[in-house]
Amino acid sequence: MDDLLRVDDKLTGDQKLIRDTVRSFVGDHVLPYVGDWFEEAVFPARELAPALGELGLLGMHLEGYGCAGTDATSYGVACRELEAGDSGLRSFVSVQGSLAMFPIWRYGSEEQKEQWLPLMASGSAIGCFGLTEPDHGSDPSSMRTSAKRDGTDWILNGSKMWITNGSIADVAVVWAQTDEGIRGFVVPTDTPGFSAPPIHKKMSLRASVTSSLYFDDVRLPGSAVLPEVVGLRGPLSCLSEARFGILWGVVGAARACLESAIAYSQTRVQFDRPIGGFQLTQEKLAWMYVGLAQSSLTAFHLGALKDAGELTPRQISFGKLSNVRAALDIARQARSILGGNGITLEYPVIRHMTNLESVLTYEGTEEIHTLVLGEALTGLSAYR
Ligand code: FAD
């Protein structure tokens with residue numbers, strides 16, 4: 001597909017190399033198989049993680065401890081190319097790098113960093129991030145999972161829900177109420193009392209592991225707590241990192257849907273002509289491209305702000321809200337252009353479309369990011 005606005009011309013040589021490397025990895029190692037993974041509801045994490053580590057994609061925008069230390073735009077471009085494969089693949093990389101490694105890197109002790117980050121950067125250890133609970137999603141401040149001191153140890157009790165990578169993780173970053181406020185804990189998943197059963201019957205992000213986490217008197221040493229942060233700003237700062245990857249990633253899913261719809265419209269003949277020759281189809285394709293190009297420009301702009309150290313959570317909310325909505329609209333339009341074929345896994349569109357329903361909800365729902373913008377515009381908070 002022509003990059004009419006030549007948005008990618010803005011990429012540096014290194015960023016183009018990352019784009020092309022990830023795109024070719026996804027083309028060779030993901031696209032031929034991902035329809036089957038989705039159908040069978042599997043994600044071959046143990047095979048993919050070392051390969052992703054080898055490419056430097058795990059914790060790629062972090063410095064030191066075996067991480068690649070790229071700029072933020074490079075991280076965004078990698079997320080875009082991963083999600084052109086599948087949102088489950090990008091979710092794996094986002095959770096590993098932005099939600100599990102970032103809090104250890106940013107708020108962890110030297111011992112925690114040295115123990116976990118090199119293993120996670122190479123893909124030999126997998127991480128997850130436990131914030132959401134069965135009864136507390138959009139409002140994590142009301143979480144019930146708690147950690148109480150017992151001498152120098154901590155005792156963790158409670159549960160988490162909808163945790164990406166939960167059942168396959170070697171380490172979980174778990175957020176819990178304490179007497180001092182919300183704190184983060186680095187929990188090896190083989191600690192007695194920890195369990196992580198998978199959540200089944202998902203119709204979205206099927207090529208991604210989603211789990212519950214249970215903590216039944218999980219005894220942790222004093223050294224398990226993240227020493228450098230207290231309060232909700234800890235998990236929220238991780239979410240900002242991951243949402244940045246999402247607002248880039250969904251551009252890839254949208255692009256894959258538009259490319260599929262254009263190719264289909266050029267070859268599918270009805271009433272003796274390719275359906276792409278009908279004005280109604282062209283109107284859909286034109287608006288899909290407008291949405292895609294606008295999302296791309298938004299991602300580049302926010303990438304530049306992040307690289308300049310100026311990106312704010314409100315700007316990230318803008319990008320997550322507008323780019324996920326645009327991607328979902330594009331996926332739904334593409335689905336209609338493919339007619340009956342649009343509902344099969346022979347084409348990528350229905351897979352992206354159902355995946356994007358999860359992306360619309362996780363990392364702050366569409367409504368919550370709308371309220372963030374509403375508050376920014378009016379100065380009035382409408383959450384409660
Ligand atoms: P709720 O908060 O109950 O919301 C239900 C509806 O009410 C939504 O439409 C919401 O927008 C609306 N609503 C809520 N409050 C308001 C309000 N004040 N005003 C208007 N509308 C409101 N969490 C993790 O911690 N780690 C993970 O790795 C993770 N991975 C996930 C993977 C998947 C596939 C999914 C689906 C979720 C994942 N999540 C994860 C959880 C995700 O972040 C939550 O689902 C999300 O925050 C919404 O919470 P909820 O599902 O409890 O919905």
Side-chain angles (χ1 to χ4, degrees), residues 38 41 43 45 83 86-103 126-145 158-169 171-176 182 184-185 187 189 196-215 232 234-243 245-246 249-250 253 316-317 320-321 324-325 328 351-375 378 380-384:
F38 188 96
F43 181 73
E83 195 149 353
D86 194 81
S87 302
L89 176 66
R90 198 269 308 140
S91 296
F92 177 84
V93 170
S94 290
V95 168
Q96 178 85 350
S98 291
L99 294 182
M101 294 172 72
F102 175 78
I126 293 173
C128 70
F129 172 89
L131 179 65
T132 306
E133 300 189 348
D135 296 329
H136 305 282
S138 298
D139 176 18
S141 65
S142 306
M143 70 171 68
R144 276 207 293 266
T145 296
S159 64
K160 299 287 176 183
M161 196 172 180
W162 302 117
I163 306 307
T164 303
N165 297 347
S167 322
I168 54 170
V171 61
V173 173
V174 178
W175 301 93
I182 289 172
F185 294 85
V187 184
T189 56
I199 295 173
H200 296 296
K201 301 194 178 179
K202 286 183 301 167
M203 295 305 290
S204 170
L205 280 187
R206 288 176 59 77
S208 172
V209 175
T210 317
S211 317
S212 299
L213 306 183
Y214 295 104
F215 319 107
L232 206 54
L236 292 186
S237 66
C238 305
L239 293 174
S240 286
E241 293 297 307
R243 287 166 182 163
I246 291 174
V250 293
I316 295 172
S317 283
K320 205 263 179 184
L321 179 69
V324 179
R325 167 52 61 186
L328 195 51
R351 181 167 51 74
H352 283 301
M353 195 187 99
T354 63
N355 282 342
L356 288 166
E357 293 290 345
S358 284
V359 181
L360 191 74
T361 286
Y362 72 22
E363 303 269 354
T365 65
E366 182 173 54
E367 292 77 12
I368 293 299
H369 290 296
T370 303
L371 296 181
V372 171
L373 290 195
E375 184 180 5
T378 64
L380 302 169
S381 164
Y383 299 97
R384 289 179 195 279

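We number each residue from 1, following the sequence as shown. Indexing begins at 1, ligand by ligand and atom by atom, following the structure's order.
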Between [X] and ligand 1, does any nitrogen or oxygen pair lie at a separation below 3.5 Å?
X	answer
Thr210	no
Leu131	yes
Ser358	no
Val95	no

Give the residue, atom name and distance (to 0.1 Å) of the protein heavy atom nearest [atom].
atom	result
atom 32 (C) of ligand 1	Thr164 OG1, 3.3 Å
atom 38 (C) of ligand 1	Trp162 O, 3.1 Å
atom 17 (C) of ligand 1	Leu371 CD1, 3.9 Å
atom 23 (N) of ligand 1	Thr132 OG1, 2.7 Å
atom 13 (N) of ligand 1	Ser138 OG, 4.4 Å

Of the listed options [options], closest to [atom] (non-hydrogen atoms):
atom	options	value
atom 35 (C) of ligand 1	Phe129, Trp175, Tyr383, Tyr362	Tyr362
atom 8 (C) of ligand 1	Glu367, Glu357, Lys202, Met161	Glu367
atom 49 (O) of ligand 1	Gly137, Pro134, Ser381	Gly137

Worksheet item: Does Glu366 pair with Arg325 as a salt bridge, N-O distance under 4.0 Å?
Response: yes
Verify the contact flag for [atom], where contact means a protein heavy atom under 4.0 Å away.
atom	answer
atom 46 (C) of ligand 1	yes
atom 43 (O) of ligand 1	yes
atom 3 (O) of ligand 1	no

Worksheet item: Can Phe43 and Asp86 be said to form a side-chain contact (heavy atoms from CB on, under 4.5 Å), step by step?
Response: CA-CA 11 Å; Phe43 181 73; Asp86 194 81; over 6 Å; no
Discussion item. Once you restrict to heavy atoms under 4.0 Å, what part of Thr365 touches ligand 1? Side chain, backbone, both or neither.
Written reply: side chain
Worksheet entry | ligand 1 contact on Glu363 by region, counting heavy-atom pairs under 4.0 Å | backbone
Fill in: Backbone of Leu213 reached by a side-chain donor or acceptor of Lys160 within 3.5 Å
no
Worksheet entry | Any donor-acceptor pair under 3.5 Å from His369 side chain to Glu363 backbone | yes
Taking all atoms of both residues into account, what is the closest heavy-atom pair of [X] and [Y], and its distance?
X	Y	result
Leu328	Met353	CD1-O, 3.6 Å
Gly97	Met101	O-CB, 3.5 Å
Gly234	Trp175	C-CH2, 3.9 Å

Discussion item. I'd like to check which ligand 1 atoms, numbered from 1 as shown, lie under 4.0 Å from a non-hydrogen atom of Thr361.
Written reply: 45 (O), 46 (C)
Practice prompt. Would you mind running through ligand 1 and noting each atom that sits below 4.0 Å from a heavy atom of Leu205?
Written response: 34 (C)
Practice prompt. Would you mind telling me which of Val209, Ile163, Leu99 makes a side chain to side chain contact (heavy atoms under 4.5 Å, CB included) with Cys128?
Written response: Ile163
Worksheet entry | Donor on one side chain, acceptor on other, Ser159 and Glu133, under 3.5 Å | no
Worksheet item: Any luck finding a side-chain donor-acceptor pair between Ser211 and Ser167 under 3.5 Å?
Response: yes
